[in-house]
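Everything quoted here is computed from the prediction, not taken from an experiment. The residues of the chain are indexed from 1 along the displayed sequence.
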Amino acid sequence: MITAHRPELRRNDYSLGEEQADVQAAFAELFARECPSSRVREAEPLGHDEGLWRSLVRTGAATMGLPEVLGGGGASPLDLALVAEAAGRHVAPVPLIEASVALRLLAEAAPDLARRWIGGALEDGRFPTLALHPVAPDGTRQLVPAGAVTGAVIALTGDELALYEGEPAPSVANQGRAPVAWWRPPSGGRTVLAEGDRARALYATAVREWKLLTAAALSGIGEGALALGLDFVKDRTAFDTPIGAFQAISHALADAHTGVVGARNLARKAAWFAGSEPDARPELVPMAFAYAAQAATKAVTVATHVQGGFGFTVESDVQLYFRRAKGWSVLAGDPRAELSAIGDLLADRVKG
């Protein structure tokens, strides 16, 4: 069982404490060992590897963000962000973010129901996921992350937060090879978890957590893609010189790397505040999400271009990162929409 502890990251210091460094190292090693690019390819087109998922469940990764009284590891948002970074770094074909966020929401809203899921459903390959948008009054369908591999969806319907149980829906083909599916509330299998203001507050927190962890994963994607690009330009030569020595290439890689590091630090900062001072800087999560989408897209584009024609072939691993950076970043809609949320939150701070 993996456990984690209170974050040691300070407000203006992006270095990790010893315990966070241990979490980071453990998952970097786990994903490097269990998730080579060959496994990512084998999981296509669905984008879900049941064997890898079960391995993560056995390590406690899926439940590390739950309270210890429910059998979880008591991990902080920062710990979860570090895990998401590692998953993104290896474009892991498992819905770890969706399951983690949904389980945390379930644990907060209905602890007894959460115990049932933790007690065996996860081992059987079942887990809840989260609908990222409230259910429309007319029941219009929406794309739900992991909806193609689980039929259990937590959604906000009017003033009620409910768990809807059913069968997985057919996967929708997408560039990011994410197991998304069209979903609308089924007629049966509904359990109300919360109502009114509490329901809306719980749901809003869960959506913010999803965006925070996805931002961390996107920074990991950018890092992984740039590592592939760097390896390529160190080995490929022109005029008896590694092409990475040419300014047009080295400067592009350095610029993209600066963006990825900035996105990673912003996501970690947002995670620290989410765990330590959740009401102090709510604008950091939409900032992290919007910027990570931008930085990851630039990083995978540069990493693809420096590989020349090879980068655009299916034989190149960098295309795995390119497609996922493009696809994962729009699962909740256009990331640029976060700019309005940032503006509203900053305006509220000024008014307050």
Side-chain angles (χ1 to χ4, degrees), residues 6-7 9-14 65 75-82 84-85 88 97-98 100-102 104-105 108-109 130-136 142-143 145 154-159 161 194-220 222 259-298 325 328-352:
R6 181 176 177 81
L9 190 66
R10 296 174 292 278
R11 275 172 164 249
N12 298 307
D13 182 357
Y14 299 109
S76 70
L78 175 58
D79 296 310
L80 299 178
L82 295 175
E85 282 181 22
I97 292 174
E98 287 76 19
S100 177
V101 169
R104 281 168 59 85
L105 173 56
E108 182 68 23
L130 179 71
L132 298 177
H133 304 283
V135 175
Q142 63 174 289
L143 282 175
I154 300 177
L156 183 68
T157 304
D159 289 335
L161 182 68
E195 298 178 280
D197 290 343
R198 182 168 183 263
R200 288 187 290 272
L202 288 170
Y203 178 74
T205 297
V207 173
R208 283 197 300 271
E209 284 192 359
W210 183 89
K211 291 180 178 179
L212 171 60
L213 298 185
T214 300
L218 287 168
S219 73
V260 167
V261 171
R264 182 196 67 195
N265 287 345
L266 184 54
R268 290 182 182 182
K269 182 174 183 177
W272 186 90
F273 272 94
S276 301
E277 301 178 31
D279 297 325
R281 299 289 303 278
E283 75 278 4
L284 289 176
V285 171
M287 285 179 176
F289 183 62
Y291 187 60
Q294 176 183 318
T297 298
K298 181 173 183 177
W328 291 10
S329 62
V330 297
L331 288 176
D334 190 340
R336 292 174 296 183
E338 299 300 314
L339 298 177
S340 294
I342 295 167
D344 290 341
L345 289 167
L346 290 176
D348 289 342
R349 284 183 62 191
V350 173
K351 293 176 183 177

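Pairing each heavy atom of L105 with each of A206, the nearest pair is CD2-CB, 3.8 Å. The minimum heavy-atom distance linking L284 with F273 is given by the pair CD1-CD1, 3.5 Å. Here the closest heavy-atom approach between residue A84 and residue A216 is recorded as CB-CB, 4.0 Å. Closest heavy-atom contact between P77 and A271: CB-O, 3.6 Å.
Within the model, atoms CG of L218 and CG of L213 stand 11.0 Å from one another, a figure rounded to the nearest 0.5 Å. Between I154 atom CD1 and L202 atom CG the span is 10.0 Å, to the nearest 0.5 Å. Atom CG of residue L345 and atom CD1 of residue I342 lie 8.5 Å apart, to the nearest 0.5 angstrom.
The side chain to side chain contact (heavy atoms under 4.5 Å, CB included) test applied to E338 returns K211, P286, F289, A290, A341, not counting sequence neighbours. For the side chain to side chain contact (heavy atoms under 4.5 Å, CB included) test, residues two or more places apart in sequence or in another chain that qualify with A131 are Q142, V144, V153, A155, W183. Applying the side chain to side chain contact (heavy atoms under 4.5 Å, CB included) test to A204 and every residue at least two apart in sequence or in another chain returns R208. Taking E283 as the reference, R281, R349 meet the salt bridge (Lys or Arg N to Asp or Glu O under 4.0 Å) condition, with sequence neighbours excluded. With sequence neighbours excluded, the residues satisfying side chain to side chain donor-acceptor pair (under 3.5 Å) with R104 are E209. Taking the side chain to side chain donor-acceptor pair (under 3.5 Å) definition, one finds that W210 meets it with E98, sequence neighbours left out. Taking the side chain to side chain donor-acceptor pair (under 3.5 Å) definition, one finds that T157 meets it with Y164, sequence neighbours left out. For R200, the salt bridge (Lys or Arg N to Asp or Glu O under 4.0 Å) criterion is met by D159, D197, not counting sequence neighbours. Qualifying side chain to side chain contact (heavy atoms under 4.5 Å, CB included) partners for A263, counting only residues two or more places apart in sequence or in other chains: S219, Y291, A292, A295. For D344, the salt bridge (Lys or Arg N to Asp or Glu O under 4.0 Å) test picks out no residue, with sequence neighbours left out.
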Might you work through the side chain to side chain contact (heavy atoms under 4.5 Å, CB included) test for R198 and L161, ending with a clear yes or no?
CA-CA 9 Å; R198 182 168 183 263; L161 182 68; over 6 Å; no
Would L130 and Y203 count as a side chain to side chain contact (heavy atoms under 4.5 Å, CB included) if you check the C-alpha gap in whole Å, the side-chain angles of each, and the deciding distance to 0.1 Å?
CA-CA 9 Å; L130 179 71; Y203 178 74; 4.0 Å; yes
For a side chain to side chain contact (heavy atoms under 4.5 Å, CB included) check, start with the C-alpha distance between L143 and L331, then their side-chain angles and the critical distance, and finish with the verdict.
CA-CA 8 Å; L143 282 175; L331 288 176; over 6 Å; no
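Side-chain contact between S100 and I97 is absent, with no heavy-atom pair separated by less than 4.5 Å.
No donor-acceptor pair under 3.5 Å is formed between the side chain of N265 and the backbone N or O of G262.
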